[in-house]
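Reviewing the structure listed below.
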Protein chains: 2
Amino acid sequence: MGAIETRRQIVEAADRLFYERGFEATSFADIAAEVKLSRGNFYYHFKTKDEILRAVIALRLRNTEAALEAWENEAGAAEERIRRFIHILIMNRSKIMAYGCPTGTLSNELAKLEHIAKDEAVEIFSLFRDWLGRQFAALGRKADADALALHVLMRSQGVATLAAAFREEDFIRREVADMNAWLDAQTPGRAARPRPVSRGAA
Amino acid sequence: MGAIETRRQIVEAADRLFYERGFEATSFADIAAEVKLSRGNFYYHFKTKDEILRAVIALRLRNTEAALEAWENEAGAAEERIRRFIHILIMNRSKIMAYGCPTGTLSNELAKLEHIAKDEAVEIFSLFRDWLGRQFAALGRKADADALALHVLMRSQGVATLAAAFREEDFIRREVADMNAWLDAQTPGRAARPRPVSRGAA
DNA sequence: ACCCATCTAGGACGAATGTCCTAGGCGCCT
DNA sequence: AGGCGCCTAGGACATTCGTCCTAGATGGGT
């Protein structure tokens, strides 16, 4: 098997394990076992644990960039793109209820560890922040586009954290509906397209 | 020194270290050093790490209960009490920007570890949830009191997570203002009391 | 057929971890 | 003063961690 393919498998396994168990709680041996490699062989591909972490973050950055770019091409209007983002909460609800948000939990953990790669993890957030900001600017909210972007990100993080704590799927659906209703209210110039009823405010 | 006092100091140190470094990343030796105890003596007070965790969670539960009860007695109306809760984000902004929310980050970590005490940590959330629910019920929102409570909790968690990631104090203040504005809109029956201007929606 | 670069396996290494044992010192009781 | 129970110190223990070394398997190019 080529080294490149092996390396890819390692990073992929580490990505999942870091998400499901956390960075510190995942050992070299765990990842090696997952890919069915000896720990020694493992060392051939990655010298240190930090190196794997960097590779995982780089992978997530690439995946995030690709997803955002795909939404940029697929979805029509900026508003529809933002709804795509919001909809992740529903699509990934099972994993979110089990492990929270991959970006948020990693960023939290690295912050506590005062890990050098902390800022790189936050960079994933920045990708979403900037992308969302551009969508809000396209919606005619240029002045407060960044604040609106952070607001959407904030809600996603809050929903993910509480969903992981209480494991209530209804809560996720309710908050997603509320986010969509909120988004409707952010573009008063446009006619609000029909949406499923959002009971009350939350 | 009495064993009770020593035990109190241990739990207090563990509480802080679990918050600042995380549960797994904090070792027996770390806590012992903080309280200036030998690791052997430490064992006299706590047999296992889980035992300390349980004690820390119990402490946080007691502290939370006490804080909520104090707000119940001090603050006048239910609305004012909810604002007290929201205001924690501003009061604790330095620690939140450094380490996130103690409850949210611990709950996230324990969930990933599939730790037995996970549900006990979530119980801290439940205290806030129930308390907030009672306030909303007192505000005349009996039907969706729990949903509103979760909504407030959700926002707090989101703000804490992003504040820890980006370390922007303005973001916290902006979102707190937005939460207050949102709260105003939840009690349409009452006259909205004058509040500092919340620029736009977010 | 042979060689050399690429890849792999297995184990060694010190440090740190959670856990546990034992010997001793301190202070309150009678 | 003496004894006893509470508290402490220091280290042993097995395990696991991240890291590192070395010998061998593999396979394409000559």
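Quantities reported herein were computed from a predicted structural model and do not represent experimental measurements. Each chain gets a letter, A, B and so on, in the order the sequences are listed, and its residues count up from 1.
A donor-acceptor contact shorter than 3.5 Å links the side chain of A:K49 to the backbone of A:F23.
A sub-4.0 Å separation between OP1 or OP2 of C:dC7 and a side-chain N or O of A:S38 is absent. For the OP1/OP2 pair of C:dC20 and a distance below 4.0 Å, the side-chain nitrogens and oxygens of B:Y43 include at least one atom meeting the criterion. A sub-4.0 Å separation between OP1 or OP2 of C:dC7 and a side-chain N or O of A:Y44 is present.
A salt bridge does not link B:E109 with B:K112: none of the charged nitrogens is closer than 4.0 Å to a carboxylate oxygen. Using a 4.0 Å cut-off between charged nitrogen and carboxylate oxygen, A:D184 and A:R83 count as a salt-bridge pair. Between A:R84 and A:E74 there is a salt bridge, with a side-chain nitrogen of the basic residue lying less than 4.0 Å from a carboxylate oxygen of the acidic one. Remark: A:E65 does not engage A:R62 in a salt bridge, criterion side-chain N to carboxylate O under 4.0 Å.
Closest to the B:R39 side chain, of the nucleotides C:dT19, D:dC20, D:dT8, is C:dT19.
Atom NE2 in A:H45 sits roughly 16 Å away from atom P in D:dT19 (whole-Å rounding). Here the P atom of nucleotide D:dC21 and the CZ atom of A:F42 are 17 Å apart, to the nearest Å. As rounded to whole Å, 15 Å separates atom C1' of C:dA15 from atom NZ of A:K49. What separates CG of B:N41 from C1' of D:dC6 is a distance of 11 Å, to the nearest Å. The NZ-C1' distance, from A:K36 to C:dA9, rounds to 16 Å in whole Å. Rounded to whole Å, the distance from CZ on A:R7 to P on C:dT6 is 15 Å. B:L37 places its CG atom 16 Å from the P atom of C:dG18, with the value rounded to the nearest Å. Counting to the nearest Å, the C1' atom of D:dC7 and the CZ atom of B:F46 are 15 Å from each other.
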Could you walk me through whether B:D30 and B:S27 pass side chain to side chain donor-acceptor pair (under 3.5 Å), step by step?
CA-CA 5 Å; B:D30 290 337; B:S27 69; 3.2 Å; yes
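Looking at B:L110 and B:I57, their side chains come closer than 4.5 Å, going by heavy atoms from C-beta outward.
The side chain to side chain contact (heavy atoms under 4.5 Å, CB included) search around A:A14 returns A:F18, A:I31, A:I52, A:V56, not counting sequence neighbours.
Contacts between residues 25-33 of chain B and DNA chain C, defined by a heavy-atom separation under 4.0 Å, are made by B:T26, B:S27, B:F28.
B:F166 has its ring centre no less than 6.0 Å from the ring centre of B:F171.
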Which nucleotides of nucleotides 24-29 of chain D have their base under 4.0 Å from a protein heavy atom (B), which only their sugar-phosphate (S), and which neither (-), written as one string 5' to 3'?
------
